[in-house]
Number of protein chains: 2
Amino acid sequence: MKISEAAAVCGLPVKTVRYYADIGLVAAPARGTSGYRHYDQAAIRKLIFVRRARAFGFSIDDCRELLSLYEDRHRSSADVRHIALRRLRDIEQKQKELQSLHDDLAHLVDACRGDSRPNCPIIDYLS
Amino acid sequence: MKISEAAAVCGLPVKTVRYYADIGLVAAPARGTSGYRHYDQAAIRKLIFVRRARAFGFSIDDCRELLSLYEDRHRSSADVRHIALRRLRDIEQKQKELQSLHDDLAHLVDACRGDSRPNCPIIDYLS
DNA sequence: CCTTGACCTTCCAGTTACTGGAAAGCTTAA
DNA sequence: TTAAGCTTTCCAGTAACTGGAAGGTCAAGG
């Protein structure tokens, strides 16, 4: 499979697939005489795996670790769980931050008349 | 006030204050013969304003608009409110995304035994 | 056989909002 | 005077791509 077909099958942009090859995340297994990258089923599976992991917000480095665990028949599920739990804590942290931002900002937006006059609690708060 | 004092007063890193000057967000009002930047009270107030706006997650470009509204005695509060509402919608969007990420990931982490065996619902989900 | 268009390659630059660090100039206290 | 501690500019790096240019490859149609 050439890169555009592989990308289409995996649901990733071609540029991204090439980028993943460049950084050694998911290498193309072979190159023909043309110099074109060729992707086999194993590479396709890895690309899909990475797409799903990225959708959870795992970093590229996390994806590297997850991929190597994915490939490792003797992995401990504890290692996988550890990475996932770390990401979960990150998400929860961000949720808390967003929640207070949201509440504060919503309060200000609510208090602002939003008319043609200059008086504005939002500006007041930031001043 | 030289830059390090201004930065300390505003609660910003020196590097950031210099960066804001470079990109024309908050310019230093004057330079002495030494070439040092000097900050007056108006500049200090702008820096603090920007710090607070950034804490709400407003982009640098948003900060530019907010600053110019802050400076404009003839502003309409509607313009301020519009920018804030846009940011609020962004926050809400992100909250929704994080919520579903959280739920899905929490479910998987919960289902994973986290022991020394390779069996792992997290890996299964990503495969 | 030639050309055309679609594909592929590499490489460079830009994105966001800083941050770190090097090399050199200024200031001030001892 | 000299050394510490400020300041300056400039360059590079961060995360994870994305856009675009210049040029090589391939398959089909005339």
Side-chain angles (χ1 to χ4, degrees), chain A residues 1-40 43 46-47 49-67 83 86-87 90-91 94 97 101, chain B residues 1-40 43 46-67 86-87 90-91 94 97 101:
Chain A
M1 249 189 242
K2 281 181 284 184
I3 199 167
S4 66
E5 192 184 350
V9 164
C10 298
L12 286 167
V14 170
K15 276 275 190 185
T16 300
V17 174
R18 205 174 280 130
Y19 174 70
Y20 288 166
D22 286 350
I23 64 173
L25 180 61
V26 180
R31 300 251 191 158
T33 50
S34 63
Y36 290 6
R37 292 174 183 85
H38 290 298
Y39 289 86
D40 60 10
K46 287 190 212 174
L47 286 170
F49 183 94
V50 168
R51 176 175 56 74
R52 293 190 181 139
R54 292 284 303 133
F56 270 126
F58 289 107
S59 71
I60 295 290
D61 275 353
D62 284 343
C63 289
R64 264 183 232 279
E65 292 188 59
L66 288 170
L67 263 185
I83 296 172
R86 176 154 42 86
R87 175 70 192 132
D90 278 0
I91 290 172
K94 196 134 238 162
E97 291 169 16
L101 285 193
Chain B
M1 250 189 243
K2 280 182 284 185
I3 199 167
S4 65
E5 193 183 350
V9 164
C10 298
L12 286 168
V14 170
K15 275 273 187 186
T16 300
V17 175
R18 203 174 281 129
Y19 173 71
Y20 288 166
D22 285 350
I23 63 172
L25 180 62
V26 181
R31 301 252 189 157
T33 50
S34 63
Y36 289 6
R37 293 172 181 85
H38 290 298
Y39 288 86
D40 61 9
K46 287 191 211 173
L47 286 171
I48 291 171
F49 183 94
V50 169
R51 176 174 56 76
R52 293 189 180 138
R54 291 284 303 132
F56 271 126
F58 287 108
S59 71
I60 294 290
D61 275 353
D62 284 343
C63 289
R64 264 183 231 280
E65 291 189 60
L66 289 170
L67 262 186
R86 176 155 40 86
R87 175 70 192 131
D90 278 0
I91 289 172
K94 195 133 239 163
E97 290 168 16
L101 284 194

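Chain A is the first sequence line, chain B the second, and so forth, proteins listed ahead of strands; every chain is numbered from 1. In this text the structure is predicted, and so the values were computed from the model without any measurement.
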Which atom of [X] lies closest to which atom of [Y], heavy atoms considered:
{"X": "Val26(A)", "Y": "Ala43(A)", "value": "CG1-O, 3.9 Å"}
{"X": "Leu25(A)", "Y": "Leu67(A)", "value": "O-CD1, 3.5 Å"}
{"X": "Ser4(B)", "Y": "Val14(B)", "value": "CA-CG2, 3.8 Å"}

To the nearest angstrom, how far is [X] atom [atom1] from [N] atom [atom2]?
{"X": "Arg18(A)", "N": "dT9(C)", "atom1": "CZ", "atom2": "C1'", "value": "7 Å"}
{"X": "Tyr19(B)", "N": "dG20(C)", "atom1": "OH", "atom2": "C1'", "value": "15 Å"}
{"X": "Ile23(A)", "N": "dA16(D)", "atom1": "CD1", "atom2": "P", "value": "8 Å"}

(message) If you define the side chain from C-beta out and look only at heavy atoms, does anything of Ile3(A) sit under 4.5 Å from Arg18(A)?
(response) yes

(message) Contact between Tyr39(A) and Val9(A) at the side-chain level, heavy atoms closer than 4.5 Å - yes or no?
(response) no

(request) Would you please name every residue forming a ring-ring contact (aromatic ring centres under 6.0 Å, His included) with Tyr19(B), sequence neighbours left out? (result) none

(request) Under the salt bridge (charged side-chain N to carboxylate O under 4.0 Å, His left out) rule, collect the residues that match up with Arg64(A), sequence neighbours excluded. (result) Asp61(A)

(message) For the CG atom of Leu47(A) and the CG atom of Leu12(A), what is their distance to the nearest 0.5 Å?
(response) 6.0 Å

(message) Measuring from atom CD of Glu65(B) to atom CZ of Arg86(B), what distance do you get when rounded to the nearest 0.5 angstrom?
(response) 6.0 Å

(request) For Arg87(A), check side chain to side chain contact (heavy atoms under 4.5 Å, CB included) against everything at least two apart and list the hits. (result) Phe58(A), Asp90(A), Ile91(A), Leu101(B), Leu105(B)

(message) Does anything in residues 1-15 of chain B come within less than 4.0 Å of DNA chain C? Heavy atoms only, and list the residues if so.
(response) Pro13(B), Lys15(B)

(request) Could you tell me whether the phosphate oxygens of dT19(C), OP1 or OP2, come under 4.0 Å of any side-chain nitrogen or oxygen in Thr16(B)? (result) yes

(message) With a 4.0 Å cutoff (strictly under), does any side-chain N or O of Tyr20(A) reach OP1 or OP2 of dA16(D)?
(response) no

(request) Return the residues of residues 52-62 of chain A meeting this criterion: a heavy atom under 4.0 Å from some atom of DNA chain D. Order them by number, or give none. (result) Arg54(A), Ser59(A), Ile60(A)

(request) Please work out which residues in residues 29-40 of chain A have a non-hydrogen atom less than 4.0 Å from an atom of DNA chain D and list them by number. (result) Ser34(A), Tyr36(A)

(message) I'd like to know if Asp22(A) and Arg37(A) make a salt bridge, using a cut-off of under 4.0 Å between side-chain N and carboxylate O.
(response) yes

